[in-house]
Amino acid sequence: MGEILKNKHIILGITGSIAAYKAAYLIRALVKKGAEVQVVITPAGKEFITPLTLSTLSSHPVISEFFSNRDGTWNSHVDLGLWADAMLIAPATASTIGKMANGIADNMLITTYLSCKAPVFVAPAMDLDMFAHPSTQQNLDRLRSFGNHIIEPTSGELASHLVGKGRMEEPDQIVAVLETYFSTQSQLEKKKIVITAGPTYEKIDPVRFIGNYSSGKMGFALAETCAQQGAEVTLIAGPVALKTNHPNIKRIDVESAEEMYQAAIKAFPESDAAILCAAVADYRPEVQASDKIKRETEGEMTLHLVPNKDIAASLGAIKRDNQILVGFALETNNETVHAIGKLKRKKLDFIVLNSLRDAGAGFRCDTNKITIIDKKGHETVYPLKSKQKVAEDIVNQLASSLK
Ligand code: CTP
């Protein structure tokens, strides 16, 4: 990681929180790593830390107003937004987070944020009740949906002497988040990645199908994360009610396992990696009735099912040494044994295991709890996280496999 921040252009946005004093440490740590730091501070931020301290540490004049009072120079937020490799807002108050979420561009920090094409990292700092308030949480969710990275505050004693979640993450940890981001980005930049997501529908007749509960959220979060890191993503999606946001995602909508297989087998040879996140039906009805099946008798009805192709195993069979294949295993019992079996059978480089025994993991929720097992048998257990955060962990693992 040593050199990863060297010559990186970082806009540091500082807002009116007592944690603003930590921004001084943050600048020092970033400059020590070779980054160039340009500070933009809100009017309230200046009540907590002086521009003189910040300009001395960053070796750049601090920007706060749209015009410089002395010589009338216009500070261009657009130029600044284009200059940046990353924008980091630390500390970020509830008020600034609210303005970012709603585009209230009444200061230089927010106009810069709105013009910034680079990834944005937000490190909130506030009292525990302000942080827990639905308004703050909804605004943070909104920022996440814009692709911004939220660096969660930690729990501890706050400026109010109350104890709870709201302390800004420590400067060294914030620097580590940026380092991991840029290190992953350097591995994923321009890489071609195929991702399968969602369920498949296997037609019984024109109105009925065999499906499953997969929402596609995990696969879509992976697609957005890979695209944000500079990868060119082909997202092969089963029937889901989700949108894709990033322009680097080429989306192919399919319905059945066979259609998903055809799309995947076509895209894979040109790709550097594939992440097989879809819940593919293992079987389909042998016959698809062309007319709606009628309930004609009182008796039982039998559907004869035939196996679908295993997309993961088919890609594993044609995989080149320089391609990375990632699979998923959703298990209910003997989890590790089943996952390792799939890893080997399908020739995966690593497998992401989730257990339906863990609350908040798997289908139909916004969180997931995973264990990553690689082909050398190394296991990494992760705590329960949002699917967005889980996607980042998986993409970081993919980036190190691509090295
Ligand atoms: N998979 C696939 N094509 C299939 C079935 C599964 O690509 N026809 C992929 C999934 O996307 C996942 C991995 O294989 O990455 C494991 O899926 P899972 O359904 O757990 O595996 P199966 O081999 O079908 O095992 P099981 O007997 O548990 O259903």
Side-chain angles (χ1 to χ4, degrees), residues 193-203 209-223 226 233-240 252-269 271 273-286 305-319 323-358 361-364 368-375 387 390-391 393-395 397-398 401:
I193 301 175
V194 176
I195 299 175
T196 65
T200 62
Y201 285 1
E202 310 300 323
K203 251 191 192 159
F209 58 84
I210 299 173
N212 61 66
Y213 290 128
S214 170
S215 64
K217 282 181 187 163
M218 193 65 247
F220 275 60
L222 281 163
C226 288
V233 178
T234 301
L235 175 63
I236 306 170
V240 290
I252 303 174
D253 285 301
V254 297
E255 193 170 279
S256 65
E258 179 60 26
E259 286 167 12
M260 188 174 274
Y261 168 83
Q262 292 300 342
I265 210 88
K266 189 164 168 225
F268 187 58
S271 305
I275 309 176
L276 302 162
C277 193
V280 186
D282 287 327
Y283 297 92
R284 67 176 183 279
E286 184 179 32
L305 303 179
V306 292
N308 278 326
K309 292 182 191 111
D310 187 323
I311 302 170
S314 308
L315 301 189
I318 58 167
K319 180 171 105 76
Q323 287 178 305
I324 301 294
L325 201 55
V326 181
F328 276 72
L330 174 64
E331 306 293 341
T332 56
N333 62 316
N334 265 340
E335 290 87 342
T336 311
V337 174
H338 286 310
I340 292 173
K342 286 175 190 178
L343 176 88
K344 291 193 172 143
R345 209 165 53 242
K346 304 185 190 215
K347 300 204 170 61
L348 306 172
D349 291 273
F350 66 88
I351 192 155
V352 181
L353 164 66
N354 26 97
S355 169
L356 273 190
R357 282 199 281 186
D358 288 323
F363 284 151
R364 294 203 286 190
N368 208 352
K369 185 173 179 337
I370 61 160
T371 300
I372 292 183
I373 308 173
D374 70 17
K375 60 183 177 190
K387 283 193 172 160
V390 171
D393 290 334
I394 297 168
V395 173
Q397 174 78 27
L398 172 64
S401 304

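All of these numbers come straight from a predicted model, not from anything done at the bench. Order of listing sets the numbers, starting from 1, for every ligand and every atom in it.
- Judged by distance alone, with hydrogens and angles left aside, the side-chain atoms of Arg284 form a donor-acceptor pair with the main-chain N or O of Pro307 at under 3.5 Å.
- With hydrogens and angles disregarded, no donor-acceptor distance shorter than 3.5 Å links the side chain of Glu331 to the backbone of Val337.
- Within a 6.0 Å sphere centred on NZ of Lys347, heavy atoms belonging to other residues, nucleotides or ligands number 12 at most.
- Tested against Val280 for a side-chain contact (heavy atoms from CB on, under 4.5 Å), the candidates Thr196, Asn212, Thr200 yield a single pass: Thr200.
- Among Ile370, Asn368, Ile195, the one residue that satisfies the side-chain contact (heavy atoms from CB on, under 4.5 Å) test with Met218 is Asn368.
- A donor-acceptor contact shorter than 3.5 Å is absent between the side chain of Glu255 and the backbone of Pro239.
- Using 4.0 Å as the threshold, Ala278 has a heavy atom nearer than that to some atom of ligand 1.
- Residue-to-ligand polar distances place Asp282 within reach of ligand 1: an N/O pair is separated by less than 3.5 Å.
- By the 4.5 Å heavy-atom criterion applied to side chains, Thr234 and Ser271 are not counted as neighbours.
- Panel note: side chain Asp310, backbone Ala313; a donor-acceptor pair is recorded below 3.5 Å.
- At the top of the distance list for atom 6 (C) of ligand 1, counting protein heavy atoms only, stands Lys346 NZ, 3.6 Å.
- Each of the following atoms of ligand 1 lies closer than 4.0 Å to a heavy atom of Gly327: 15 (O).
- In this structure, atom 27 (O) of ligand 1 has its sub-4.0 angstrom surroundings free of protein heavy atoms.
- Counting protein heavy atoms under 4.0 angstrom from atom 19 (O) of ligand 1 gives zero.
- Of all protein heavy atoms, the one lying nearest to atom 15 (O) of ligand 1 is Leu276 O, 2.6 Å.
- Side-chain atoms of Asn354 never come within 3.5 Å of backbone atoms of Ala361 as a donor-acceptor pair (strictly under, hydrogens ignored).
- If you check each of Gly341, Ala312, Ala197, Ser314 against atom 7 (O) of ligand 1, the one with the closest non-hydrogen atom is Ala312.
- On a distance-only criterion, Phe328 and ligand 1 share at least one N/O pair closer than 3.5 Å.
- Counting atoms of ligand 1 from 1 in the listed order, those under 4.0 Å from a heavy atom of Ile311 are 2 (C), 3 (N), 4 (C), 7 (O), 8 (N).
- In terms of protein heavy-atom proximity, atom 4 (C) of ligand 1 is nearest to Val280 CB, 3.5 Å.
- Near Arg345, with a cut-off below 4.0 Å to any heavy atom, the atoms of ligand 1 are 23 (O).
- Within the structure, ligand 1 lacks Thr196 among the residues with a heavy atom less than 4.0 angstrom away.
- A donor-acceptor pair is defined here as one N or O able to donate and one able to accept, closer than 3.5 Å; no such pair exists between the side chain of Asp374 and the backbone of Phe350.
- For His338, the heavy-atom gap to ligand 1 stays at 4.0 angstrom or more.
- Heavy atoms from other residues, nucleotides or ligands lying under 6.0 Å from NZ of Lys203 number 12 at most.
- Of all atoms in ligand 1, numbered sequentially from 1 with element shown, those under 4.0 Å from a heavy atom of Lys309 are 4 (C), 8 (N).
- Between Lys342 and ligand 1, an N or O atom pair is found at a separation short of 3.5 Å.
- For the pair Ala281 and ligand 1, the shortest N or O to N or O distance does not fall below 3.5 Å.
- Contacts between Asn308 and ligand 1 below 4.0 angstrom, taking non-hydrogen atoms only, are absent altogether.
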